[in-house]
> 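Sharing a structure below in structure tokens format, with a few things to ask.
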There are 2 protein chains.
Amino acid sequence: MPLEKTEAAKLLTEIVLLTFRLEGGFLSAADKISGPAGLTAARWKVLGAVLYEKRSVAEIGRVMGLARQSVQRLADILVSEGLAAYEDNPAHKSAKLLAPTEEGYARIARLADRQTGWANRASQGIDAAELAATRDMLARLITHVEATDVPA
Amino acid sequence: MPLEKTEAAKLLTEIVLLTFRLEGGFLSAADKISGPAGLTAARWKVLGAVLYEKRSVAEIGRVMGLARQSVQRLADILVSEGLAAYEDNPAHKSAKLLAPTEEGYARIARLADRQTGWANRASQGIDAAELAATRDMLARLITHVEATDVPA
DNA sequence: GGTTACTTGACAGTATGCTGTCGTTTATCT
DNA sequence: AGATAAACGACAGCATACTGTCAAGTAACC
């Protein structure tokens, strides 16, 4: 006899599928927004993670929920393109801190208006309170999912 | 002078980042759930899309929000592994319909209980009405995002 | 019926992100 | 201080998903 899903579990299962689909749409939009500034969605993510605070590669991975190795690759590309640079980390000899260069900041500035315009249009006609509730629930789900282990 | 974000746009921007992160968590869980049944998250998605209805590759792509070519690759793999088969499409000479084989159905059955258990645990303590509201908002956002074009 | 537009599958190339593994560096514990 | 554990960067290999392009099939239009 198969296991029974709770009401919440049924809804969560629907949310999983919708999240996959929504992520695809967001990613596609992010690529189109960042393309004209010479960036991709993934590089924008990494550069954005160090805009206001220098971070090590591993730290960026934790903040964005990505594997260390994925970030390492993108960070190296950003450095090779002159959009970011590794700076010495007083707290760690080999784990250098990534920080945007002037050109890196300039690239982000070039897409800011495009991102704002997109966000304004895409959120048009949607109640802010409902969006805030959705944001809070997504944050809560992230916590729950990361704490839920899957038995081998 | 930079463009101004509406309140809803600010919230949407936060939701974008949370969605990226949540998708990563869901994907990781889906891989762990489907692994013991000899599937991956991506193959489970495609097989799941034809469980109750045969579909062409392009149709699966539309339903799941994926590129035709991505689905084609996975569908070919499923067929080569004997988990699905292409059947003649009376309405189109070359666009065959994908359908699970008996073994394909069996694989899905093998992970059903694991998925249910995960969903029950991960949704524990979360109000069903709030989850339903989130689900509805995600569906709405998908529609909005897919209708919002990004100027070149 | 024939032209045109769209859909579909196929193939190639690329970007993203994962796991696994290794040696080094840092932190912890006794 | 020394041993153990954990974190970090580096490298390799692989899965997933994208864009671009082409030929063939289907639908729409005149």
Side-chain angles (χ1 to χ4, degrees), chain A residues 20-32 34-35 38-47 49 54-81 84 86-98 150 152, chain B residues 20-32 34-35 38-47 49 54-81 84 86-98 150 152:
Chain A
F20 286 149
R21 176 132 199 183
L22 186 57
E23 194 263 354
F26 282 157
L27 201 59
S28 168
D31 271 322
K32 287 176 190 154
S34 58
L39 285 172
T40 63
R43 293 164 201 200
W44 180 12
K45 276 192 222 174
V46 172
L47 206 48
K54 303 173 186 178
R55 296 183 206 268
S56 70
V57 164
E59 203 175 346
I60 298 170
R62 278 191 299 273
V63 170
M64 311 290 299
L66 296 174
R68 222 170 55 241
Q69 295 81 344
S70 311
V71 177
Q72 184 73 58
R73 191 186 127 266
L74 292 165
D76 288 345
I77 290 173
L78 289 172
V79 170
S80 79
E81 292 183 344
Y86 289 117
E87 302 184 0
D88 282 343
N89 184 351
H92 197 294
K93 195 184 298 184
S94 61
K96 298 184 181 163
L97 297 176
L98 190 71
V150 182
Chain B
F20 286 149
R21 176 132 199 183
L22 185 57
E23 193 263 353
F26 282 157
L27 200 59
S28 168
D31 271 322
K32 287 175 190 155
S34 57
L39 285 172
T40 64
R43 294 167 200 199
W44 180 11
K45 277 191 221 173
V46 172
L47 206 48
K54 303 173 186 178
R55 295 183 207 268
S56 70
V57 163
E59 202 175 348
I60 297 170
R62 278 192 299 272
V63 170
M64 310 291 297
L66 296 174
R68 224 170 53 242
Q69 294 81 345
S70 311
V71 177
Q72 184 74 57
R73 189 186 129 266
L74 293 165
D76 288 345
I77 291 172
L78 289 172
V79 170
S80 78
E81 292 183 344
Y86 289 118
E87 302 184 358
D88 282 342
N89 184 350
H92 196 296
K93 196 182 298 183
S94 60
K96 298 183 181 162
L97 297 176
L98 189 72
V150 183

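Letters go in sequence order (proteins before strands), and every chain restarts at 1. A quick note: this is a predicted structure, and the numbers were derived from the prediction, not measured.
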> For A:W44 and A:D31: C-alpha separation, side-chain torsions, deciding distance, then whether side-chain contact (heavy atoms from CB on, under 4.5 Å) applies.
CA-CA 9 Å; A:W44 180 12; A:D31 271 322; over 6 Å; no

> Starting at CG of B:D76 and ending at P of C:dA10, how long is that distance when rounded to a whole Å?
6 Å

> Side chain of B:L66 only, please: which of C:dG17, D:dC18, C:dG9 is the nearest?
D:dC18

> What is the distance, rounded to the nearest whole Å, between atom CG of A:D31 and atom P of C:dT14?
17 Å

> Heavy atoms, side chains only, cut-off 4.5 Å: are B:L47 and B:R43 in contact?
no

> Walk me through whether B:V57 and B:Y86 qualify under side-chain contact (heavy atoms from CB on, under 4.5 Å).
CA-CA 10 Å; B:V57 163; B:Y86 289 118; 4.1 Å; yes

> Taking for each residue the nucleotide of DNA chain C bearing the nearest heavy atom, is the 5' side occupied by A:V71 or by B:H92?
B:H92

> Side-chain N or O of A:T40 versus OP1/OP2 of C:dT16: is the shortest distance under 4.0 Å?
yes

> Looking at B:K96, I'd like to know whether one of its side-chain N or O atoms comes within less than 4.0 Å of OP1 or OP2 on C:dA10.
no

> In whole Å, I'd like the distance from the CG atom of A:N89 to the C1' atom of C:dT25.
12 Å

> Measure from CZ on A:F26 to P on D:dA17 and round the result to the nearest Å.
18 Å

> Please determine whether side-chain contact (heavy atoms from CB on, under 4.5 Å) holds for the pair A:L98 and A:V46, giving the CA-CA distance in whole Å, both sets of side-chain angles, and the decisive distance to 0.1 Å.
CA-CA 10 Å; A:L98 190 71; A:V46 172; 4.0 Å; yes

> Is A:R73 close enough to D:dG13 that one of its side-chain N or O atoms is under 4.0 Å from OP1 or OP2 there?
no

> Check the distance between C:dT16's P and A:E23's CD and give it to me in whole angstrom.
13 Å

> Tell me whether the side-chain N/O atoms of B:R68 come closer than 4.0 Å to OP1 or OP2 in C:dC11.
no

> Looking across every strand, which nucleic acid part, if any, lies under 4.0 Å from B:L74 by heavy atom: base, sugar-phosphate, or nothing?
sugar-phosphate

> Think B:S94 has a side-chain N or O under 4.0 angstrom from the OP1 or OP2 of C:dG9?
no

> For A:I77 and for A:A91, locate the closest nucleotide of DNA chain C by heavy-atom distance; then report the residue assigned to the nucleotide nearer the 5' terminus.
A:I77

> Look at all strands and tell whether A:S56 reaches a base, only sugar-phosphate, or nothing, counting heavy atoms closer than 4.0 Å.
sugar-phosphate

> Is the backbone N or O of A:V63 less than 3.5 Å from a side-chain atom of B:R21, with the two atoms forming a donor-acceptor pair by type?
yes

> Could you give the NZ-to-P distance, from A:K93 to C:dT24, as a whole number of Å?
12 Å

> Does B:Q69 get its side chain close enough to the base of D:dG20, under 3.5 Å, for a donor-acceptor pair?
yes

> Quick check: on DNA chain D, is the nucleotide nearest A:G24 upstream (toward 5') of the one nearest A:E59, or the reverse? Name the residue that is more 5'.
A:E59

> I want to verify a distance call: between D:dC8, D:dA10, C:dG9, whose nearest atom is closest to the A:Q72 side chain?
D:dA10

> Between P on C:dA15 and CG on A:L39, what's the gap in Å once rounded to a whole number?
14 Å

> Is there a side-chain contact between A:D88 and A:K96, using heavy atoms and a 4.5 Å cut-off?
yes

> Given atom NZ of B:K45 and atom C1' of D:dA17, what is their separation to the nearest angstrom?
9 Å

